[in-house]
Number of protein chains: 2
Amino acid sequence: MNNSVSIKDIAKKFKCAPSTISRALNDHPAINIETRKTIQEYALKVGYQKNTLSLSLLNNCSMTLGLILPSITHYHESSILEGMEEILLKSGYLLNICVSNESHTIEKEYIDRLLANRVDGLFISMAQESYDQQLGEHIDRVIQRALPVIFIDRPNHGVASDRVVTDDYQGAFMATQHLVDMGCQRIAHLHGPSGISVSQQRFLGFQDCLEANGRKVEEDLIQYVHFSAESAIQATRNLMNLEHKPDAIFGVNDEVCIAAMFVLREMGISVPQEVAIVGFDDIPLASFGHPPLSSVSRQSRRIGEEAAKLFLSKKDQKLDPITISLEPKLIIRESSLRS
Amino acid sequence: MNNSVSIKDIAKKFKCAPSTISRALNDHPAINIETRKTIQEYALKVGYQKNTLSLSLLNNCSMTLGLILPSITHYHESSILEGMEEILLKSGYLLNICVSNESHTIEKEYIDRLLANRVDGLFISMAQESYDQQLGEHIDRVIQRALPVIFIDRPNHGVASDRVVTDDYQGAFMATQHLVDMGCQRIAHLHGPSGISVSQQRFLGFQDCLEANGRKVEEDLIQYVHFSAESAIQATRNLMNLEHKPDAIFGVNDEVCIAAMFVLREMGISVPQEVAIVGFDDIPLASFGHPPLSSVSRQSRRIGEEAAKLFLSKKDQKLDPITISLEPKLIIRESSLRS
DNA sequence: GTGAAAGCGCTAACAA
DNA sequence: TTGTTAGCGCTTTCAC
């Protein structure tokens, strides 16, 4: 597959031992500085590239990490990846990316491959399927190997583990309180897929906030959606066809809210006057909605950064598992601003 | 870093040679089927996981690929990744993801790491910096090693290479023709960053289409933007403050068009009646714009799929470099539909 | 200042 | 049917 130059090849050229070449290339002080230079120049010339695989084998450390995500096309996930990349770039690690597509089988398969490739650590946002069915042995196997595992967004059912999350509960609470403060009386919720931690936490924050304000959740006002815009079309119609229509919607993410605003426009219902809206994730296009969409930022990029930093700090000293919980930020825009 | 079980460990347990274990685990027919089973069960029990690194060293093949992208948070790039993943999943390859952030230095650094890790192939969408300054030696070094390199979106300056692209020129031509057909007289263009192939091709298609219709590009009607929505705000205002305002805008991507529609709304200009708009990429939110945004789909996901398939077909037999050029598809929605 | 040899985990050719 | 040995590319310990 590759006709690359090895240390042996160079040794032959210089009629010396491979170890000499190795030392020269690694700037070992014992080697004559002249020799060092000559060898280094020659290596550069012939395009010598150290074979890291052999070192991985030798040192039991591959300088490679695994990242398993349920999907990658949403802004949240790709931002996590971007943040992680930035931190890891400086540290010399390479990232293996695996998209599980929410499937437990695929997730397991990827974990096997990553283990076989001896990654030095694993970042994982669990597939919905694994989470739903409490399938965790594949991850336990990783933990048993004393391989650092850092959970992202979705926690592990089992033993305590390192985690980086945004406080979805708090974010949802803030969003709901904001709608209450704006005078909204009947706040609906576009509820994410059940079984997913993110959906549950956001619903709980929503629910608890209503109760803290002396109200309670009305079943009619809860509609289930996926994380896609399409899935919110019918859900929003259902809400607006109720006898007692909602005067506000809190959506599980921005995509569903943008779709909701689309439906409301179609129905001639004004936002925020008749229905105020708050989303979640603060995607870049939220500010350019009609009207601009209020949203809870979960600091997606920082999740990736913190996860990478957590790994780097962990690998030196074994510490107790910690949870880094990032503060969500409510960004208020027109879609929820009632005067 | 990991306390994993090796074939030697198992051999000790069974008081036999490592090669026997190796054969048993690989279902070698020479080994007693009973013995095979016992060994396989034991291996499973103790969580044995083959160390692929040693095989990579032995076979000169790591079953690992590199993917270098200038960014990852846009729908186009993350869809490419997703498409690629799907194909590679079935073939046992693992994907190393590298985000160059359009920087030549970072790109070079990543290429070094990927080479050091002996990836079996490389997918690359070149950084703007490398492209602009025609910096290609880092990539030539890869090609010289006879390592399969597949270019995505942005071509290589130098030698002929495998490529998967969408025909941006044709897409832009189609979009412009559509605007002409809709009766638009003064079609403006939100031009992407100069030096990027994608921007250039789209501009050329735009220009040639106008000329094919007996018109020519007016400098006033060309405004430069980045790929972000923000960058289109001022650009659109500039256009609409012209004495001879445009009655159509063709934007380099959907984000800038959504921002443009936002500005037009603010200025009380109606879309598509006063200004018709067509974007590029067909991001999922395009259909939920106000109004729904016409756009040229570049089949992002399929780019990833085709690139992965191209690699898989190439690795068996060395063939001449080919270019896979995907047909862009014009999706007409309200933003450009004049009756 | 340099060389020889062992070994990381695994497989395959050769022997028995 | 199973064992022995060599070797993938590199570093490191121990000699010299």
Side-chain angles (χ1 to χ4, degrees), chain A residues 1-40 43 46-64 112-120 145, chain B residues 1-40 43 46-64 112-120 145:
Chain A
M1 189 60 85
N2 63 66
N3 38 9
S4 50
V5 191
S6 82
I7 248 179
K8 259 190 189 167
D9 300 328
I10 303 183
K12 247 176 233 164
K13 195 82 189 173
F14 283 87
K15 292 183 175 137
C16 66
S19 50
T20 307
I21 307 295
S22 169
R23 280 186 276 245
L25 293 175
N26 291 317
D27 265 328
H28 196 287
I31 302 287
N32 189 327
I33 194 146
E34 292 286 311
T35 327
R36 249 191 274 174
K37 246 191 189 158
T38 329
I39 292 179
Q40 286 176 6
V46 295
Y48 168 80
Q49 189 88 34
K50 188 184 291 211
N51 186 333
T52 312
L53 297 175
S54 62
L55 287 182
S56 305
L57 204 55
L58 209 54
N59 304 330
N60 206 8
C61 159
S62 67
M63 291 304 280
T64 288
D112 277 346
R113 280 193 212 165
L114 292 172
L115 287 180
N117 271 53
R118 295 297 190 263
V119 291
D120 293 335
R145 290 182 166 237
Chain B
M1 190 59 84
N2 62 65
N3 38 7
S4 49
V5 191
S6 82
I7 246 179
K8 260 192 191 166
D9 299 328
I10 304 186
K12 245 176 236 163
K13 196 81 189 174
F14 284 85
K15 292 186 175 131
C16 65
S19 52
T20 306
I21 306 296
S22 169
R23 281 185 275 246
L25 293 176
N26 291 317
D27 263 328
H28 194 289
I31 301 285
N32 188 325
I33 193 147
E34 292 285 309
T35 327
R36 249 191 271 172
K37 245 190 191 161
T38 327
I39 292 179
Q40 285 177 7
V46 296
Y48 168 80
Q49 188 88 35
K50 186 185 289 207
N51 186 334
T52 313
L53 297 174
S54 63
L55 286 183
S56 306
L57 204 55
L58 207 56
N59 304 331
N60 207 9
C61 160
S62 66
M63 292 302 282
T64 288
D112 278 346
R113 279 190 213 167
L114 292 172
L115 287 180
N117 271 53
R118 294 297 189 265
V119 290
D120 293 334
R145 291 183 166 236

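Chain naming here is simple, since letters A, B, ... match the order of the sequence lines and numbering starts at 1 in each.
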ask   = Given C:dG7, is OP1 or OP2 found less than 4.0 Å from the side-chain N or O atoms of B:K8?
value = no
message = Under a 3.5 Å cutoff, is there a donor and acceptor pairing between the side chains of A:K50 and A:N26?
response = yes
Among D:dG9, C:dG9, D:dT11, the nucleotide that comes nearest once only the side chain of A:N51 is considered = D:dG9
ask   = Contact class for A:L55 vs. all strands (heavy atom < 4.0 Å): base, sugar-phosphate, or nothing?
value = sugar-phosphate
message = Using heavy-atom distances to pick each residue's nearest nucleotide on DNA chain C, tell me which of A:I31 and B:P18 is more 5'.
response = A:I31
key: Whichever of A:L57 and B:P29 has its nearest DNA chain D nucleotide further upstream toward 5'   = B:P29
request  = Could you please name the option among D:dT2, C:dC10, D:dT11 that lies closest to any side-chain atom of A:L58?
outcome  = D:dT11
task = Just compare D:dG9, D:dC10, C:dT2 and give me whichever is closest to any side-chain atom of A:N32.
result = C:dT2
inquiry  = Tell me if a side-chain donor or acceptor on A:R23 pairs with a main-chain N or O of A:I31 at a distance below 3.5 Å.
reply    = no
ask   = Taking atom C1' of C:dA4 as reference, at what distance in whole Å does atom CD1 of A:I7 sit?
value = 15 Å
inquiry  = Distance check needed: C:dC8 P versus B:Q49 CD, whole Å only.
reply    = 20 Å
ask   = Between the side chain of A:T38 and the main-chain N/O of A:E34, is any donor-acceptor distance below 3.5 Å?
value = yes
key: DNA chain C contacts among residues 19-27 of chain B, heavy-atom distance under 4.0 Å   = B:S19, B:S22, B:R23, B:N26
inquiry  = Could you tell me if the side chain of A:L25 sits less than 4.5 Å from the side chain of A:Y48, heavy atoms only?
reply    = yes
message = What is the distance, to the nearest angstrom, from the CG atom on A:N117 to the P atom on C:dG9?
response = 15 Å
request  = Without swapping roles, check the side chain of B:D120 against the backbone of B:S62 for a donor-acceptor pair under 3.5 Å.
outcome  = yes
key: Separation of D:dT2 C1' from B:F14 CZ (nearest whole Å)   = 15 Å
query = With a non-hydrogen cut-off below 4.0 angstrom, is B:Y48 in contact with a base, only sugar-phosphate, or nothing?
reply = sugar-phosphate
note = Here the distance between atom P of D:dT1 and atom NZ of B:K15, to the nearest Å, is 23 Å
query = A:L53 CG to C:dG7 P: how many Å, rounded?
reply = 22 Å
message = Whether the side chain of B:T52 engages the backbone of A:A116 through a donor-acceptor N/O pair (distance < 3.5 Å, no angle test) should be reported.
response = yes
request  = Using whole Å, report how far CG of B:D9 lies from P of C:dC8.
outcome  = 10 Å
ask   = Can you check the B:I33 CD1 to D:dT2 C1' distance for me, whole Å?
value = 17 Å
B:S54 vs A:H28, nearer the 5' end of DNA chain D by closest nucleotide = B:S54
query = Is there side-chain contact between A:I21 and A:C16, with heavy atoms separated by less than 4.5 Å?
reply = yes
